[in-house]
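Comments concern the structure below.
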Amino acid sequence: MLTVANQKGGVGKTTTTVNIAAALAQGGLRVLVIDIDPQGNASTALDIDHHPEVPSIYDVVVDGDPLASVLQECPQVPGLWCAPATIDLAGAEIELVSLVAREMRLKNALEAHLAGLSATERFDYVLIDCPPSLGLLTVNAFVAASEVFIPIQCEYYALEGLTQLLKNIELIRVHLNQRLHVSTILMTMYDARTRLSAQVADEVRAHFSAEVLKTAVPRSVRISEAPSHGQTVMTYDPASSGALSYYDAAVELAAGRSVGDHS
Ligand code: ADP
Ligand code: MG
């Protein structure tokens, strides 16, 4: 279970979530994407209906509805499921403040759902797409997952804010979720023509040698076009450099893990 987080906006959280999820599902795994960003971009990219009347992760986190009541399967990628976010979720950050167990609500819903699944229904991966903030929705994601997956955009300000993110993860680890750790870092929007991209990548690798995936995702027009067609780049243009690099990143992510290990 991975939370895809970075409080900076536009660094590739959503793009990474949906494309890694699609790549894993295309490889035959069962994958669940939880869209916990009120903007609902992951839901859009997976072609999941998320207009305001659709049952969504808001109903789960705020009203305590069962997760099963909001799940939809991605039409293009069998085995890839999504709990969509609607605009309702924009109010959840404030509504959660006064609720019981406000940091645990996603975790409780997920655990209840996963515990009731049969062997064939089990998910191999759960990926949570976070909003660009460190508010209660992101805290819920950190409490629910054991791993943090950080996409880092290869540009000058990339490392600013990373310290803050790591501090918050440490706070959550100490107070709310002992298992939480940064397991994976992916360099995104890498531009091989610029020295800056290489410098940022080198610096990140120097700090996090074990966690950074060898694959860096290049800047690719096909990646940015895919969501407007309600698709991930994995189905929109599977032979493009962007799709191939997300495929490689997914293989790296999955390497060394045994499928069906739900510990
Ligand atoms: P976040 O979820 O962190 O806010 P997004 O995944 O939505 O970031 O990405 C921000 C913007 O950058 C989107 O318009 C997306 O299509 C585009 N984008 C993301 N990754 C790439 C890439 N590798 N190449 C080109 N555009 C990208
Ligand atoms: Mg996003």
Side-chain angles (χ1 to χ4, degrees), residues 2-23 33-48 50 56-57 82-87 89-90 92-93 127-135 137-138 140-142 148-162 164-165 168 184-194 196-198 200-201 204 212-250 252:
L2 296 102
T3 285
V4 182
N6 188 327
Q7 78 275 26
K8 282 171 73 90
V11 299
K13 287 182 290 297
T14 300
T15 306
T16 295
T17 305
V18 299
N19 288 300
I20 294 276
V33 168
I34 303 210
D35 187 355
I36 200 161
D37 182 350
Q39 294 182 57
N41 295 152
S43 311
T44 302
L46 296 176
D47 199 16
I48 301 292
H50 63 113
S56 73
I57 200 70
C82 178
T86 62
I87 194 65
L89 199 59
E93 201 75 67
L127 297 172
I128 308 174
D129 184 30
C130 285
S133 70
L134 295 169
L137 288 170
T138 299
N140 264 270
F142 283 153
V148 185
F149 183 151
I150 307 178
I152 293 182
Q153 189 183 357
C154 294
E155 45 102 303
Y156 182 63
Y157 297 110
L159 299 174
E160 277 183 21
L162 201 55
Q164 173 82 39
L165 176 60
N168 278 54
T184 313
I185 294 176
L186 176 64
M187 310 300 303
T188 64
M189 298 184 231
Y190 188 86
D191 186 345
R193 294 166 308 178
T194 69
L196 183 60
S197 268
V200 172
V204 172
V212 183
L213 298 182
K214 290 191 193 76
T215 308
V217 175
R219 249 187 207 289
S220 144
V221 175
R222 307 302 269 168
I223 288 179
S224 58
E225 284 172 353
S228 63
H229 299 266
Q231 292 195 50
T232 68
V233 79
M234 307 311 295
T235 57
Y236 177 63
D237 190 352
S240 64
S241 62
L244 294 174
S245 60
Y246 269 117
Y247 174 85
D248 289 344
E252 274 192 67

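Every number for a ligand or one of its atoms is a count from 1 in the order of the listing.
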Using a cut-off of under 3.5 Å, which N/O atoms of ligand 1 pair up with protein N/O atoms, and what distance separates each pair?
unit_1, atom_1, unit_2, atom_2, d
ligand 1, 2 (O), Thr14, N, 2.9
ligand 1, 2 (O), Thr14, OG1, 2.9
ligand 1, 3 (O), Gly10, N, 3.4
ligand 1, 3 (O), Val11, N, 3.1
ligand 1, 3 (O), Gly12, N, 3.1
ligand 1, 3 (O), Lys13, N, 2.9
ligand 1, 3 (O), Lys13, NZ, 2.9
ligand 1, 4 (O), Gly10, N, 2.7
ligand 1, 6 (O), Thr14, N, 3.4
ligand 1, 6 (O), Thr15, N, 2.9
ligand 1, 6 (O), Thr15, OG1, 2.5
ligand 1, 8 (O), Gly12, N, 3.0
ligand 1, 23 (N), Pro218, O, 2.9
ligand 1, 24 (N), Ser220, N, 2.8
ligand 1, 24 (N), Ser220, O, 3.3

Rounded to the nearest 0.5 Å, how far apart are CD of Gln164 and CG of Asn6? 11.5 Å
OG1-NE2 distance between Thr86 and His50, expressed to the nearest 0.5 angstrom: 9.0 Å
Which pairs count as salt bridge (charged side-chain N to carboxylate O under 4.0 Å, His left out) when at least one residue sits in residues 212-223, sequence neighbours excluded? Arg222-Glu225, Arg222-Asp237
Tell me, which pairs form a salt bridge (charged side-chain N to carboxylate O under 4.0 Å, His left out) where one or both residues lie in residues 8-23, sequence neighbours left out? none
Could you tell me if the side chain of Leu46 sits less than 4.5 Å from the side chain of Thr232, heavy atoms only? yes
Start with the C-alpha gap between Thr16 and Tyr246, add the side-chain angles, then the distance that decides, and say whether side-chain hydrogen bond (donor to acceptor under 3.5 Å, both in side chains) holds. CA-CA 8 Å; Thr16 295; Tyr246 269 117; 2.9 Å; yes
Can any side-chain N or O of Ser197 pair as donor or acceptor with the backbone N or O of Asp191 at less than 3.5 Å? yes
Ignoring hydrogens and angles, tell me if any N or O in the side chain of Gln39 forms a donor-acceptor pair with the backbone of Pro131 under 3.5 Å. no
So, with waters excluded, how many protein N/O/S atoms does the Mg ion (ligand 2) have closer than 2.8 Å? 1
Closest heavy-atom pair and its distance - Asp35, Ala42: OD2-N, 3.6 Å
